[in-house]
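To keep things clear, I will list the structure first and then write my remarks on it.
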Amino acid sequence: MTEARSRPVVAVVGRANVGKSTLVNRLVGRRLAIEHEAPGVTRDRQGYAVEWSGSAFTLVDTGGWEPKAKGLTAKVVAQAAEAAHTADVIVFVGDATTGITDDDMAVARSLRRAGVSVIVAVNKVDGPAMELEAARFERLGLGAPYPVSALHGRRSGDLLDLITSTLRDVNPAPREPDDESAPRIAIVGRPNVGKSSLFNKLVGDERTIVDPTPGTTRDAVDVVAKVNGTSYRFVDTAGMRKKARQSEGPEYYGLVRSLRALDEADAAIVMIDAFEGPTEQDQKIAERVSESGRAAIIALNKWDLLDEELRENVERDVADRLRFLSWAPLVRTSAKTARGVSKIMPAVDKALVSWRTRIPTAELNAWLRDALSGVPLHRTRGPGPDVKVRYATQARTAPPEVVLFTTAHISEGARRAIERRFRERFGMEGSPVRIIVRARTPRSAQQRHADKAK
């Protein structure tokens with residue numbers, strides 16, 4: 001399993017709160033990286049596509065680099081260091097308002113040893129008065145500093161010119177191109193259920209930070225990787241803890257982007273902590289996945305921690321509490337030990353096949369004639385004879401949507417019975433199925449007579 005990248009890579013590094021994410025957004029031309037005044041918001045490294053003057057490259061945002069960091073912060077630093085190590089060009093960001101700090105000097109020493117071309121961008125130079133402060137960053141020994149203002153966009157175009165010219169000079173090594181057709185697989189769930197551990201196992205790299213601290217992942221991180229020769233775009237998402245309107249700051253942006261990642265995905269891996277069992281929040285997530293119309297599987301993580309009795313209880317609770325996803329197969333796994341992880345992608349592949357399935361109209365109507373036997377099709381609105389289903393057609397795929405043309409509206413129970421029989425006949429494991437009823441009441445004798453008079 002290897003990450004696939006097609007463009008040269010430019011890593012943006014520096015200590016916390018110097019404006020790296022703001023600068024990344026300015027250079028990308030869109031507000032993609034999460035910005036917040038609190039330090040340490042960015043944790044995992046995240047890449048964004050940039051095109052400028054005919055050149056294309058990937059700009060990687062990183063967390064604050066603190067050489068003496070411990071705990072979770074040390075993991076953030078390791079991600080930043082890895083981004084610098086794998087980059088073709090590094091943009092080191094300083095803060096003109098605070099000047100050079102001991103941490104700046106320590107990071108500069110590491111970058112000098114890296115053997116990679118470095119551009120020093122001194123941020124928060126909002127006018128000519130700060131130019132002198134920016135010039136002091138030449139003491140870092142990384143070359144002439146370049147003054148910019150990420151907030152106001154001052155000299156950002158010139159910085160892009162410098163980046164692209166530097167990339168041409170260093171002649172980046174060619175990389176395997178991204179597979180743009182790779183299906184998007186979003187890993188969703190509550191905080192601290194093991195999403196990032198599974199993500200790293202699937203992409204074959206410690207690509208996101210794994211830590212016991214709930215809410216470690218702040219933004220949706222996506223990586224194109226190959227599993228058994230097939231490319232997928234895996235998306236690790238921030239834990240869904242609250243409704244968007246109840247969240248604030250980085251948590252709000254993380255939640256919004258998690259929901260967006262789900263809506264843009266082809267399939268979702270819904271992570272459940274099997275040791276804790278399905279919770280009320282898991283129910284809400286399952287309902288949201290069902291509403292999204294994505295293919296899905298349920299991964300019961302930490303399965304190795306359960307004895308036989310607990311396993312039976314958990315499976316029973318999942319069937320009861322996550323009934324919104326009754327069609328999603330269960331995969332029992334342990335992201336930490338990799339037990340059962342090899343079963344996840346075959347289940348996802350099967351779900352995607354179901355999600356994209358199209359059934360010929362003739363075959364669908366042949367099934368319908370048998371399926372309707374024993375299904376009470378009582379009308380739901382007004383008196384009259386029982387409902388007749390004239391014919392059916394599949395209106396779309398991804399997910400499959402079957403339209404029934406009837407003489408009147410049918411009950412919800414009848415619609416569910418038809419869906420159940422549809423699944424029994426055509427499978428559709430791992431995919432939602434939408435049964436749409438379009439009622440068309442037959443014209444009355446008076447209406448037919450009026451039509452003839454015309």
Side-chain angles (χ1 to χ4, degrees), residues 32-34 44 46 48 181-199 202-203 207-208 214-225 232-247 250-273 278-301 318 321-331 335 344-345 347-352 354-356 396-401 430-434:
L32 298 180
I34 295 177
D44 297 299
Q46 179 70 291
Y48 305 100
S181 64
R184 297 180 68 92
I185 315 299
I187 305 174
V188 301
R190 296 186 290 114
N192 221 30
V193 295
K195 298 186 299 299
S196 294
S197 294
L198 177 62
F199 179 83
L202 291 173
V203 305
R207 188 59 178 78
T208 55
T216 298
T217 301
R218 290 275 179 79
D219 199 358
V221 179
D222 67 277
V223 171
V224 176
Y232 303 88
R233 185 176 293 276
F234 294 101
V235 187
D236 186 19
T237 65
M240 299 180 183
R241 176 164 32 198
K242 300 176 182 178
K243 294 182 179 179
R245 64 176 178 269
Q246 296 174 333
S247 305
E251 183 181 18
Y252 168 80
Y253 291 109
L255 176 57
V256 168
R257 293 180 186 199
S258 294
L259 295 174
R260 183 189 304 162
L262 173 60
D263 290 336
E264 293 175 350
D266 297 297
I269 300 173
V270 183
M271 293 284 289
I272 304 292
D273 187 324
T279 66
E280 181 181 358
Q281 187 62 21
D282 290 322
Q283 285 182 294
K284 294 178 180 177
I285 294 170
E287 185 175 10
R288 182 66 179 78
V289 171
S290 178
E291 291 172 352
S292 74
R294 305 304 97 186
I297 71 166
I298 298 173
L300 297 178
N301 193 30
V318 167
R321 306 195 72 175
L322 305 187
R323 56 189 177 277
F324 308 103
L325 297 179
S326 59
W327 41 265
L330 300 181
V331 179
I344 288 178
M345 292 316 297
V348 169
D349 287 338
K350 187 174 182 180
L352 286 171
S354 298
W355 193 61
R356 296 177 178 134
R396 54 170 287 184
T397 62
E401 182 178 285
S431 174
V433 172
R434 292 171 176 169

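Keep in mind the model is a prediction, meaning the values are calculated, not measured. Heavy-atom basis, side chains included; hydrogens, waters and symmetry copies ignored.
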For the backbone of A398 and the side chain of R396, can you confirm whether one donor and one acceptor N or O come within less than 3.5 Å of each other?
yes
Using every non-hydrogen atom in the two residues, find where A296 and P329 come nearest and quote the distance to one decimal.
O-CD, 3.6 Å
Not counting sequence neighbours, which residues clear side-chain hydrogen bond (donor to acceptor under 3.5 Å, both in side chains) with R321? List them please.
Q283
On a heavy-atom basis, which atom in S431 and which in P399 lie closest, and how many Å separate them?
OG-CB, 4.2 Å
Residues in side-chain hydrogen bond (donor to acceptor under 3.5 Å, both in side chains) with T279, at least two apart?
R190, D282
Indicate yes or no for a side-chain donor-acceptor contact from R294 to the backbone of A265 under 3.5 Å, with no hydrogens or angles considered.
yes
Is there a donor-acceptor pair under 3.5 Å between the side chain of N301 and the backbone N or O of V193?
yes
Listed partners of A267 passing side chain to side chain contact (heavy atoms under 4.5 Å, CB included), at least two apart
I185, A295, V348, L352
Side-chain heavy atoms of V188 within contact of I285, under 4.5 Å:
yes
Please list all pairs meeting salt bridge (Lys or Arg N to Asp or Glu O under 4.0 Å) that have one or both residues in residues 262-273, counting only residues at least two apart or in different chains.
D263-R288, D273-K302
Do V203 and D236 make a side-chain contact, defined as non-hydrogen atoms from C-beta onward lying under 4.5 Å apart?
no
My understanding is that only residues two or more places apart in sequence, or in another chain, count here; which of them pass side chain to side chain contact (heavy atoms under 4.5 Å, CB included) with T397?
R358, Q394
Here the pair of heavy atoms bringing P400 nearest to S354 is CG-O, 3.5 Å
Please name all residues satisfying salt bridge (Lys or Arg N to Asp or Glu O under 4.0 Å) with R184, sequence neighbours left out, ordered by chain then number.
none
Here the pair of heavy atoms bringing P183 nearest to R356 is CB-NH2, 3.9 Å
For the residue pair V331 and I344, establish whether any side-chain heavy-atom pair is separated by less than 4.5 Å.
yes
Does V318 reach the side chain of L300, with side-chain heavy atoms less than 4.5 Å apart?
yes
Between F199 and F234, what is the shortest heavy-atom contact and its length?
CE1-O, 3.4 Å
If I take atom NZ from residue K284 and atom CD from residue E287, how far apart are they, to the nearest 0.5 angstrom?
9.5 Å
From OG (S290) to CZ (R323), nearest 0.5 Å:
11.5 Å
Nearest-0.5 Å distance, CD1 of residue I297 to CD1 of residue I269:
5.0 Å
Any heavy-atom pair between the side chains of L322 and V270 that's under 4.5 Å?
no
